[in-house]
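Positions are given from 1, in the same order as the sequence printed here.
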Amino acid sequence: MHAITRSPTPAPGFSPGGIQPFKVLATETITGKALEADIYNAIPTEKVDGTCCYVTTYKGQPYLWARLDRKPNKQAEKRFKRFLYSLEDCKEFVWNVEEDFKPVPDTWIPAKDIEFSNGNPLPDENGHMPGWVPVEKNSKQYCWHSSVVNYEAEIALVLKHHADPGLLEISPVPLSEILEQTLELIGTNINANPYGLGSKKQPVHLLVPHGAFEIKNPPTLTQNDILSWFEGCNEGKVEGIVWHCHDGCLIKLHRHHLGLQWPLAETYLNSQPVVIAFNRTKYDCDFEPKSLFHHFSNLDGQRFDRLKDIKFDD
């Protein structure tokens with residue numbers, strides 16, 4: 001059994017992670033958690049709109065893993081919702097970890113920061129157990145994840161900054177170099193494609209390491225300055241800000257927490273030119289003709305004004 005305590009809906013300067021059962025709006029107050037993590041000396045980065053992934057070992061080699069939260073079954077979810085919305089003074093909800101949750105694949109592993117009790121992973125404040133499942137080659141369920149990795153060459157397609165300022169780069173990165181990192185999968189079939197990548201005929205997906213896009217001119221940590229930054233400058237045309245604190249804590253703020261719209265017609269990520277750096281002679285394997293690796297290798301050295309301008313020859 002695992003008991004959780006209900007607390008008032010947070011209204012912090014910077015929102016906690018996870019899905020809240022209520023609408024979360026930011027206030028002028030910075031949370032104690034953010035202050036303890038020394039947010040004033042944290043590194044602000046762009047929050048990229050995609051689906052979270054993880055690279056860790058599977059079958060003796062680095063593998064991409066997709067996010068899969070273990071969620072309550074219908075009966076347990078009903079009980080939990082009644083608890084969340086109850087106006088009574090009931091302060092605790094008790095989970096039966098072994099019976100209240102839907103089954104997950106045998107390959108599922110819990111996320112690193114999850115708590116355990118008696119060897120069992122415990123649900124978070126939202127009633128979910130965050131975790132991961134490996135993305136197999138040619139997976140149908142995780143086909144867009146699968147499209148950005150090649151396990152034979154042990155590489156992933158990654159979007160990052162180029163060495164030249166103001167320029168983005170798409171290139172293959174050894175999975176061993178991003179081992180134990182989390183990344184965001186973005187593209188045509190992810191979250192309604194806010195960056196305009198690819199098309200229905202030719203989907204394009206890429207991985208972005210978390211923290212890859214540091215914000216050069218961040219706002220000060222006041223609500224007015226943050227609002228002005230989101231609304232008044234090109235660099236503010238992002239989904240949100242993630243502050244990477246020195247203790248490993250991540251403090252996230254989404255535009256929605258300030259009542260601002262997302263997605264936008266034009267995003268900061270799409271205002272930057274991008275170059276393709278993919279020398280296929282480095283790799284012994286042949287890339288499948290319809291794969292993203294084949295298409296991007298054919299564009300080696302080409303530069304585009306925006307991500308959404310990338311087109312493959314038929």
pair [X]-[Y]: side-chain heavy atoms closer than 4.5 Å:
X: Asn73; Y: Phe101; answer: no
X: Asp100; Y: Pro72; answer: no
X: Lys311; Y: Gln202; answer: no
X: Ile251; Y: Val242; answer: no
X: Leu159; Y: Phe213; answer: yes
X: Lys102; Y: Val104; answer: no

To the closest 0.5 Å, what do you measure between [atom1] ([X]) and [atom2] ([Y])?
X: Leu269; Y: Lys237; atom1: CG; atom2: NZ; result: 13.0 Å
X: Cys233; Y: Tyr268; atom1: SG; atom2: OH; result: 9.0 Å
X: Ile276; Y: Leu299; atom1: CD1; atom2: CG; result: 6.0 Å
X: Ile190; Y: Leu197; atom1: CD1; atom2: CG; result: 10.5 Å
X: Asn126; Y: His128; atom1: CG; atom2: NE2; result: 6.5 Å
X: Gln181; Y: Thr56; atom1: CD; atom2: OG1; result: 11.5 Å

Between Asn279 and Thr281: side-chain donor-acceptor atoms closer than 3.5 Å
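Distance-only check passes for Asn279 and Thr281.
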With no hydrogens and no angle check, just 3.5 Å: does a side-chain donor-acceptor pair link Glu180 and Tyr54?
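Their side chains do contain a donor-acceptor pair, which is all the 3.5 Å distance test asks for.
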Check the surroundings of atom [atom1] in [X]: do more than 12 heavy atoms from other residues, nucleotides or ligands lie under 6.0 Å from it?
X: Lys160; atom1: NZ; result: yes
X: Glu231; atom1: CD; result: yes
X: Lys140; atom1: NZ; result: no
X: Asn118; atom1: CG; result: no

Tell me, with the steps shown, if Ile241 and Arg255 meet side-chain contact (heavy atoms from CB on, under 4.5 Å).
CA-CA 8 Å; Ile241 304 173; Arg255 294 178 74 94; over 6 Å; no
Let me have the donor-acceptor pairs involving side chains of residues 165-178, under 3.5 Å, with sequence neighbours excluded, atom names and distances please.
| unit_1 | atom_1 | unit_2 | atom_2 | d |
| --- | --- | --- | --- | --- |
| Glu169 | OE2 | Ser171 | OG | 2.9 |

Please check if the distance between the ring centroids of Tyr142 and Trp144 is under 6.0 Å.
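That pair fails the under 6.0 Å test.
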Could you name each residue pair satisfying salt bridge (charged side-chain N to carboxylate O under 4.0 Å, His left out) that touches residues 37-61, not counting sequence neighbours?
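Passing the test, one end in residues 37-61: Lys47-Glu239, Lys59-Glu136.
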Kindly state each residue pair satisfying salt bridge (charged side-chain N to carboxylate O under 4.0 Å, His left out) with at least one member in residues 284-307, sequence neighbours excluded.
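Non-adjacent pairs meeting salt bridge (charged side-chain N to carboxylate O under 4.0 Å, His left out): Arg306-Asp309.
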Any donor-acceptor pair under 3.5 Å from Trp132 side chain to Asp69 backbone
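Not at all, since once roles are kept as given, no pair shorter than 3.5 Å links the two residues.
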Any chance you could lay out the side-chain contact (heavy atoms from CB on, under 4.5 Å) test for Ile155 and Val149, step after step, and finish with the verdict?
CA-CA 6 Å; Ile155 53 177; Val149 286; over 6 Å; no
Considering non-hydrogen atoms only, spot the tightest contact between [X] and [Y] and give its length.
X: Ala42; Y: Trp243; answer: CB-CB, 3.9 Å
X: Arg70; Y: Trp108; answer: CB-CZ2, 4.1 Å
X: Trp262; Y: His254; answer: CB-CE1, 4.2 Å
X: Thr188; Y: His205; answer: N-NE2, 3.4 Å
X: Cys53; Y: Leu207; answer: SG-CD2, 4.1 Å
X: Ile226; Y: Leu221; answer: CD1-CA, 4.4 Å

Would you check, one step at a time, whether the test side-chain contact (heavy atoms from CB on, under 4.5 Å) holds for Asn150 with Cys285?
CA-CA 10 Å; Asn150 183 300; Cys285 63; 4.3 Å; yes
Do Val275 and Leu292 belong together in a cluster built from hydrophobic side chains that touch within less than 4.5 Å?
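No, no single cluster joins them.
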Can you label the angle between the Phe83 ring and the Phe80 ring as parallel, tilted or perpendicular, going by 30° and 60°?
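Rings of Phe83 and Phe80: parallel, under 30°.
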Where do Val148 and Leu64 land on the side-chain contact (heavy atoms from CB on, under 4.5 Å) test, with the steps shown first?
CA-CA 9 Å; Val148 298; Leu64 184 68; 4.1 Å; yes
Just jot down the side-chain contact (heavy atoms from CB on, under 4.5 Å) partners of Gln61, sequence neighbours excluded, or say none.
Tyr63, Tyr151, Glu154
When you look at Glu184 and His210, which way does the side chain to side chain donor-acceptor pair (under 3.5 Å) test go after all the steps?
CA-CA 7 Å; Glu184 208 75 10; His210 284 165; 2.5 Å; yes
Shared-cluster residues of Ile43, by chain and number - hydrophobic side chains joined below 4.5 Å:
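None, because no other hydrophobic side chain comes under 4.5 Å of this residue.
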Result for ring-ring contact (aromatic ring centres under 6.0 Å, His included) between Phe296 and one of Phe278, Phe304, Phe312 points to Phe312
Can you name the ring-ring contact (aromatic ring centres under 6.0 Å, His included) partners of His294, sequence neighbours left out?
none
